[in-house]
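Working notes, structure below.
Keep in mind that the numbers below use all heavy atoms, side chains included, and drop hydrogens, waters and symmetry copies. Each chain gets a letter, A, B and so on, in the order the sequences are listed, and its residues count up from 1.
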Amino acid sequence: MLPHKQIELKLQTVVREILPDADVSAVLVRPCDPKFGDYQSNALMSLAKTRKLNPRQLATDVLARLDLASVCEKVEIAGAGFLNFRLKNSVLVASLQAAARGEHLFFTKAASPKTIVIDFSSPNVAKPMHVGHIRSTGIGDALQRALRLLGHKVISDNHIGDWGTQFGKLLLGWKQILNRAELERDAIAELERLYKVINAECDANPARLEEAKSELVKLQAGDAENVAIWKEMIALSQKQFDEIYGRLGVKFDHALGESFYNPWLSEVVNDLLAKKIARESEGAVGVFSDGTQPPKEDPFLVNRDGEWIADPALVRKSDGGFNYTTTDLATIDYRLKTWSPQEIIYVVDDRQSGHFKKLFLIFTRWKPDAAKTTKLVHVGFGKIMGEDGKPFKTRSGDTVKLGELLDEAVERAYKTVCEKSAELPEAQQREIARVVGLGAVKYADLLPNRQSDYIFSWDKMLALQGNTAPYLLYAYARIKSIFRKAEVKIQNAEIKLVAPEEITLANHLLNFGITLEAVAEELRPNYLCNYLFELAGKFTSFYENCPVLKADDAATRDSRLALCDLTARVLKQGLESLGIETVEQM
RNA sequence: GCGUCUGUAGCUCAGUUGGAUAGAGCACCUGCCUUCUAAGCAGGUUGUCGCGCGUUCGAUUCGCGCCAGACGCACCA
């Protein structure tokens, strides 16, 4: 068991003895400022607070019964009632030794694994994937990787936008102005052109709009020709998606698009009507407020000029068509029936938070029993802005296509590789550039707290210094370089932690699991980014101050090699959890 | 108008049950390549945590009210 878990366990046991009714699940330790110790618990202070106890007295009572002599140096009470723990050197060493033997990598699998459906990326058919898609795709993929690493059963599902009113216009365009040669050359660009042209015509001419609508109606009615064209558009788009996901190394267990749920949509609406959750209004069917919440917190109400008026979630349009709330409800139902998940996570733009609030509320009204066992979570994120603070666009004002963004990242990385590592063969330079470029894009997107908008900057992203993917990859490559030069193989080397840099690094390795758990708990990959950045920093400090291959004696050398190896393994595993590859040399 | 999110160093951003003297990178300055990759390291400078009030032993964190910005508000998703 990892040392901090041992501390927590003993601490919880003692707290339970002293306060039998206390909920000890929040009695945890956290890594802290090294001047106080390796770990700290402030849980006693909040326990004391709710019970109106003197926090220092409680800490004293707990400490009197706390026997951690085998794990820590003397435990200290500080300030208002902090407990500070410093690990015994032998415990730290033993933990590293166990990791070196392959018994663990500083994290433990979840005690009770959950089944979790994670819904992310969700690009639209017939449209190019743009820069915005990196957010849902990267965050979603990092989350699925971290959750899997911790032993949860994850089902990733790409809810592709393959249905909707846009197909009326696309079908009209396909039939009337399609350029076959262009379709061969760049299918997505041609489809995008069709949409743009017809859309403009529809805006200007109601008759064109009617034509488009009638194509849509034919598609929805199962007209053979329209269905065939629609399927071809999906196939062409899928080629694009596969190419991008292939480059990004993103895999889905399923890609059940919106259209997959068509057979159940009218059923969903009828059920909602039968259960009086939805009602008719102005020819449409919608879910309205049930009046159980104060108006301010009720997402089905909106204030207009001082009056609270209905803001329903429509599930059927007055023309009989369905809305995305309907599809999303059918999707929830399908996922419940198919996988019985404890959690369904939606990695979707924060601008849709209102939709999800409504959707989740409808779910609890519609499936009250399922709602008790399945938690729905919206993992929202902000927009990518240009350096002018406005939404990130190309110089000509178009949205930035994801494929082109990746190309440019790799190209820029290639230029740097050629400068810095001119001696390497070109194939290897290309490979380094690929990993560094793609890694830089992903890392830059995962690093900021996901809910805020962030400013996209080529220079910062591919900067060679600072909190960037290249910095982390460089630290990893330096370790690997040591092993290329090492003439010995380390096997069960005895680890000794003497130099301050060795101890600091070792302590930080132990926190990998705490970090992964925080990522899984709060669904924030940026915690892992910061952990790895610190790890790389502490390693580099060690590297500068503690010669490895040129250590004074063989024992020190072997010990340091073991420390290098563990650091490399955590770095690689951590980066992998972020969806970032590593290179052995750069 | 109402709602949601955001506001932390000159710039870009972190800040994990409320916790100790609020951190990092960039930029700027000073050192360090005949020693394992200088895409590096060591050190220095930088703050009314938007403003005010409240809860608390303790608030960047929680509550309320302002100010500023972004986004959203019935048949698109």
Side-chain angles (χ1 to χ4, degrees), chain A residues 25-28 30-33 35-36 40 42-43 45-46 49 55 78-82 122 124 161 164-166 258 281-286 295-297 299 301-308 310-314 316-319 321 323-325 327 349-355 357 380 382-383 385 387 389 416-417 419-421 436 447-449 451-455 457 459-460 463-468 470-471 473-475 477-479 481-486 514-515 517-519 521-522 524 526-527 529-530 533-534 537 540-541 543-545 547-551 564 585-586:
Chain A
S25 65
V27 177
L28 303 170
R30 290 279 162 254
C32 70
D33 192 321
K35 72 188 164 210
F36 298 125
Q40 170 171 98
N42 53 41
M45 289 186 283
S46 43
K49 177 150 195 155
F82 299 97
S122 317
N124 289 315
T165 47
Q166 74 273 25
E258 292 170 350
S281 169
E282 297 172 29
V285 175
K296 270 184 93 163
E297 286 154 39
L301 292 178
V302 65
N303 193 300
R304 283 275 159 70
D305 301 321
E307 263 188 81
W308 291 100
D311 184 26
L314 296 189
R316 195 169 73 201
K317 300 189 280 185
S318 52
D319 69 0
N323 305 71
Y324 77 145
T325 302
T327 313
D349 192 324
D350 248 340
R351 282 175 287 194
Q352 291 197 40
S353 62
H355 163 68
K357 249 180 214 159
K383 300 181 295 297
M385 313 296 259
E387 299 198 57
T416 308
V417 174
E419 272 171 40
K420 302 278 180 182
S421 308
V436 170
L447 180 62
N449 183 326
Q451 62 204 143
S452 46
D453 295 343
Y454 74 88
I455 294 181
S457 159
D459 291 341
K460 290 195 172 97
L464 312 172
Q465 65 281 74
N467 197 347
T468 59
Y471 177 82
L473 294 170
Y474 183 61
R478 287 173 109 178
I479 300 177
S481 167
I482 293 175
F483 283 96
R484 270 194 305 279
K485 297 208 165 146
I514 293 177
T515 307
E517 284 164 17
V519 169
E521 180 62 32
E522 300 195 31
R524 291 185 188 280
N526 64 310
Y527 291 163
C529 295
N530 283 311
F533 175 62
E534 283 172 24
T540 317
S541 246
Y543 179 90
E544 298 281 340
N545 289 289
V548 178
L549 298 178
K550 288 170 183 161
C564 286
Q585 200 175 344
M586 64 186 273

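- Here the nucleotide nearest the side chain of Ala518(A), chosen from C36(B), U16(B), G40(B), is U16(B).
- Look at Gln352(A) and you won't find any side-chain N or O under 4.0 angstrom from OP1 or OP2 of G72(B).
- Here Pro547(A) lies in heavy-atom contact (under 4.0 Å) with a base.
- Base orientation of C33(B): syn, since the glycosidic angle falls within 90° of 0.
- Proximity note for Thr540(A) (side chain, C-beta onward) versus G40(B), A39(B), A70(B): the nearest is G40(B).
- At a cut-off of 3.5 angstrom, the base of A39(B) holds no donor-acceptor pair with the side chain of Glu419(A).
- Rounded to the nearest Å, the gap between the P atom of G63(B) and that of C5(B) is 10 Å.
- We find that CD of Glu534(A) is positioned 9 Å from C1' of A24(B), with the value rounded to whole Å.
- Within the 4.0 angstrom heavy-atom criterion, base atoms lie near Leu314(A).
- The closest donor-acceptor contact from the side chain of Asp453(A) to the backbone of Lys383(A) lies under 3.5 Å.
- Under a 3.5 Å cut-off, the side chain of Ser281(A) and the backbone N or O of Ala284(A) do not form any donor-acceptor pair.
- Nearest to the side-chain atoms of Ser481(A) among the listed nucleotides U21(B), C36(B), A74(B) stands C36(B).
- Defined by atom type and a distance below 3.5 Å, a donor-acceptor pair is present between the side-chain atoms of Tyr527(A) and Glu522(A).
- In this structure, Glu387(A) places its CD atom 14 Å from P of A27(B), rounding to the nearest Å.
- Annotation: side chain of Leu314(A) is not in contact with side chain of Val285(A) (no heavy-atom distance under 4.5 Å).
- Here, G72(B) and U30(B) have their P atoms 48 Å apart, quoted to the whole Å.
- We find the CD-CD1 distance between Glu387(A) and Ile455(A) to be 7.5 Å, quoted to the nearest 0.5 Å.
- Between Tyr324(A) and Glu522(A), the one whose closest nucleotide on RNA chain B sits nearer the 5' end is Glu522(A).
- Residue Asn449(A) places no side-chain N or O under 4.0 Å from the OP1 or OP2 atom of C5(B).
- Here the side chain of Ser421(A) is nearest to one of U16(B), A39(B), G18(B), namely A39(B).
- Within 4.0 Å (heavy atoms only), Ala475(A) reaches no atom of the nucleic acid at all.
- Checking G19(B), G72(B), C36(B) against the side-chain heavy atoms of Met45(A) singles out G19(B) as nearest.
- Ring to ring, Tyr471(A) and Phe533(A) are close: their centroids are under 6.0 angstrom apart.
- Nearest nucleotide to the side chain of Tyr527(A), out of U12(B), U16(B), A70(B): U16(B).
- For the pair Glu544(A) and Arg478(A), the salt-bridge criterion is met [side-chain N within less than 4.0 Å of a carboxylate O].
- Taking atom C1' on both U16(B) and G52(B), the two are 29 Å apart, rounded to the nearest angstrom.
- Evaluation of atom-type donor-acceptor distances gives a pair under 3.5 Å for the side chain of Ser281(A) against the base of A74(B).
- The listed nucleotides are G1(B), U17(B), A74(B); the one nearest the side chain of Ala26(A) is U17(B).
- Looking only at side-chain heavy atoms (C-beta outward), Thr468(A) and Lys460(A) stay at 4.5 Å or farther from each other.
- Between G15(B) and G50(B), the two P atoms lie 14 Å apart (nearest whole Å).
- Across U56(B) and C41(B), the matching P atoms stand 46 Å from one another, rounded to whole Å.
- Between Tyr471(A) atom OH and A39(B) atom C1' there is a gap of 10 Å when expressed in whole angstrom units.
- Counting heavy atoms from C-beta outward, Met586(A) and Val436(A) have side chains that approach closer than 4.5 Å.
- Taking 4.5 Å as the limit, some side-chain heavy atom of Arg30(A) sits within range of a side-chain heavy atom of Ile514(A).
- Base contact: Asn42(A) has a heavy atom under 4.0 Å from a base atom.
- Residue Phe82(A) contributes atom CZ, which lies 12 Å from atom P of U17(B) at whole-angstrom precision.
- Phosphate proximity of G3(B) to Lys296(A): present, with a side-chain N or O under 4.0 Å from OP1 or OP2.
- Phosphate proximity of A70(B) to Ser452(A): absent, as no side-chain N or O sits under 4.0 Å from OP1 or OP2.
- Distance, Lys420(A) NZ to C33(B) C1': 13 Å, rounded to whole Å.
- In terms of modelled atom types and a separation under 3.5 Å, the side chain of Asn323(A) and the main chain of Thr325(A) share no donor-acceptor contact.
- To the nearest whole angstrom, the two C1' atoms, one in G65(B) and one in U55(B), are 15 Å apart.
- With G1(B), A70(B), U17(B) as the choices, the nucleotide that has an atom nearest any side-chain atom of Val302(A) turns out to be G1(B).
- Looking at which nucleotide of RNA chain B each of Pro55(A) and Phe36(A) is closest to, the 5′-most match is held by Phe36(A).
- Spacing between atom CG of Asn303(A) and atom P of G3(B) amounts to 7 Å, rounded to whole angstrom units.
- For Thr165(A), whose side chain is taken as the heavy atoms from C-beta onward, the closest listed nucleotide among C76(B), C41(B), A14(B) is C76(B).
- In secondary-structure terms, RNA chain B builds stems of at least 3 consecutive Watson-Crick or G-U pairs, each pair having both distances under 3.5 Å, at B:1-7 with B:67-73, B:10-13 with B:23-26, B:28-32 with B:40-44, B:50-54 with B:62-66.
- One C1' atom belongs to U8(B), the other to U46(B), and the distance between them is 13 Å to the nearest Å.
- If you check every strand for non-hydrogen atoms under 4.0 Å, Phe533(A) touches sugar and phosphate atoms only.
- Between the side chain of Lys357(A) and the base of G3(B), no donor-acceptor pair of N or O atoms lies under 3.5 Å.
- A heavy-atom distance below 4.5 Å is not found between the side chains of Ile479(A) and Ser481(A).
- Here Arg304(A) reaches the OP1 or OP2 of A74(B): one of its side-chain N or O atoms lies under 4.0 Å away.
- If you check every strand for non-hydrogen atoms under 4.0 Å, Asn526(A) touches sugar and phosphate atoms only.
- When the P atom of C73(B) is taken as reference, atom CH2 of Trp308(A) falls 16 Å away, rounded to whole Å.
- Between Arg478(A) and A38(B) there is a side-chain polar atom (N or O) within less than 4.0 angstrom of OP1 or OP2.
- Protein atom CG of Asp33(A) is 9 Å distant from nucleotide atom P of A20(B), rounded to whole Å.
- Side-chain to base pairing of Glu544(A) with A42(B): no donor and acceptor N or O lie closer than 3.5 Å to each other.
- Picking from A14(B), G19(B), A74(B) the nucleotide with the shortest atom distance to the side chain of Glu282(A) gives A74(B).
- In this structure, Ser541(A) reaches the A42(B) phosphate: one of its side-chain N or O atoms is under 4.0 Å from OP1 or OP2.
- For the P atoms, the distance from A59(B) to C49(B) is 12 Å, rounded to whole Å.
- Side-chain N/O atoms of Lys49(A) and base N/O atoms of G58(B) include a donor-acceptor pair closer than 3.5 Å.
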